[in-house]
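Report on one structure; see the data block that follows.
Along the sequence shown, residues carry numbers from 1.
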Amino acid sequence: MTPHMHSFIRSVVWHVGIQGPVLEVGSYVEQSQGHLDMRLAFHPGTPYVGVDVLEGPGVDRKVDLFDERALLKVVEEVQPKVVLCLYVLEHVWDIVGAAKILGRIWQRRPETWLWVATH
């Protein structure tokens with residue numbers, strides 16, 4: 001995560017009034033980057049579920065982006081109004097495959113904000 005992206009998302013959330021639930025794909029918060037936890041960009045109390053292949057800070061459920069069935073199950077449970085996948089794609093070999101899976105999430109929930117960014 002970068003400070004610029006965190007500020008950008010926070011500004012949009014606060015000025016446009018975007019609400020949750022939020023699903024963050026790739027939510028693991030690196031040590032010493034707690035200030036970049038994307039949960040902080042949303043209003044306090046916003047329903048938020050973070051998934052990642054790693055367990056740890058910021059992760060509510062261990063789910064691999066490429067386990068489409070498990071990821072779509074989380075989507076159905078959470079019913080997100082926002083899906084974030086920020087600075088994740090540069091960590092996978094199959095970027096096109098990852099983008100297709102994210103696209104299928106959006107196809108199931110076209111009213112959802114889908115934010116994808118990479119370097």
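Minimum interatomic distance between M5 and A117 (heavy atoms only, all atoms of both residues): CE-CB, 3.4 Å. Counting all heavy atoms, side chain and backbone alike, T112 lies closest to P80 at OG1-O, 2.9 Å. For the pair C85 and L102, the tightest heavy-atom approach, listed with the atom from each and the gap, is SG-CD1, 3.8 Å. Nearest heavy atoms, T2 versus H119: CG2-CE1, 4.4 Å. Closest approach of D37 and H6 over heavy atoms only: O-NE2, 3.0 Å. The shortest non-hydrogen separation linking W115 to V12 is CZ2-CG1, 3.9 Å.
For residues 54-66, every residue pair satisfying the side chain to side chain donor-acceptor pair (under 3.5 Å) rule, not counting sequence neighbours, is listed here: R39-D60, R61-E77. Residue pairs meeting the side chain to side chain donor-acceptor pair (under 3.5 Å) criterion with at least one partner in residues 14-34, sequence neighbours excluded, are E24-Y48.
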Listed pairs under 3.5 Å, donor-acceptor, residues 91-98 side chains, sequence neighbours left out:
{"from": "D94", "atom 1": "OD1", "to": "G97", "atom 2": "N", "distance (Å)": "2.8"}

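Scored by the side-chain hydrogen bond (donor to acceptor under 3.5 Å, both in side chains) test, E111 finds R109 as partners (sequence neighbours excluded). Evaluation of the side-chain hydrogen bond (donor to acceptor under 3.5 Å, both in side chains) rule for T118 yields E90 as partners, not counting sequence neighbours. Residues forming a side chain to side chain contact (heavy atoms under 4.5 Å, CB included) with A70 (at least two apart in sequence, or on another chain): V63, D67.
Looking only at side-chain heavy atoms (C-beta outward), V13 and V82 stay at 4.5 Å or farther from each other. Looking only at side-chain heavy atoms (C-beta outward), W106 and V116 stay at 4.5 Å or farther from each other. With contacts defined as side-chain heavy-atom distances shorter than 4.5 Å, the pair W113/V16 qualifies. The closest side-chain heavy-atom distance from L65 to L71 is below 4.5 Å. Put simply, the side chain of L40 does not reach to within 4.5 Å of the side chain of R10, judged on heavy atoms. Here the side chains of L54 and V59 are not in contact, with every heavy-atom distance at 4.5 Å or above.
Distance CG/L23 to CD1/I105: 6.5 Å, rounded to 0.5 Å. Rounding to the nearest 0.5 Å places CG of L84 at 5.0 Å from CZ of F42.
Follow the hydrophobic side-chain contacts under 4.5 Å out from V83 and you never reach M38; the two are in separate clusters. Criterion: ILVMFWY side-chain heavy atoms under 4.5 Å apart, direct or through other members. Under it, Y87 and F8 are part of a common hydrophobic cluster. Clustering ILVMFWY residues whenever any of their side-chain heavy atoms sit less than 4.5 angstrom apart, transitively, puts L114 in the very cluster that holds V49. Note on V75 and V22: separate hydrophobic clusters, where clusters join Ile, Leu, Val, Met, Phe, Trp and Tyr whose side-chain heavy atoms are under 4.5 Å apart, directly or indirectly.
Atom NE2 of H4 sits in a sparse spot, with 12 or fewer heavy atoms from other residues, nucleotides or ligands closer than 6.0 Å.
Partner of E68 under the salt bridge (Lys or Arg N to Asp or Glu O under 4.0 Å) criterion, out of K73, R104, R108: R104 alone.
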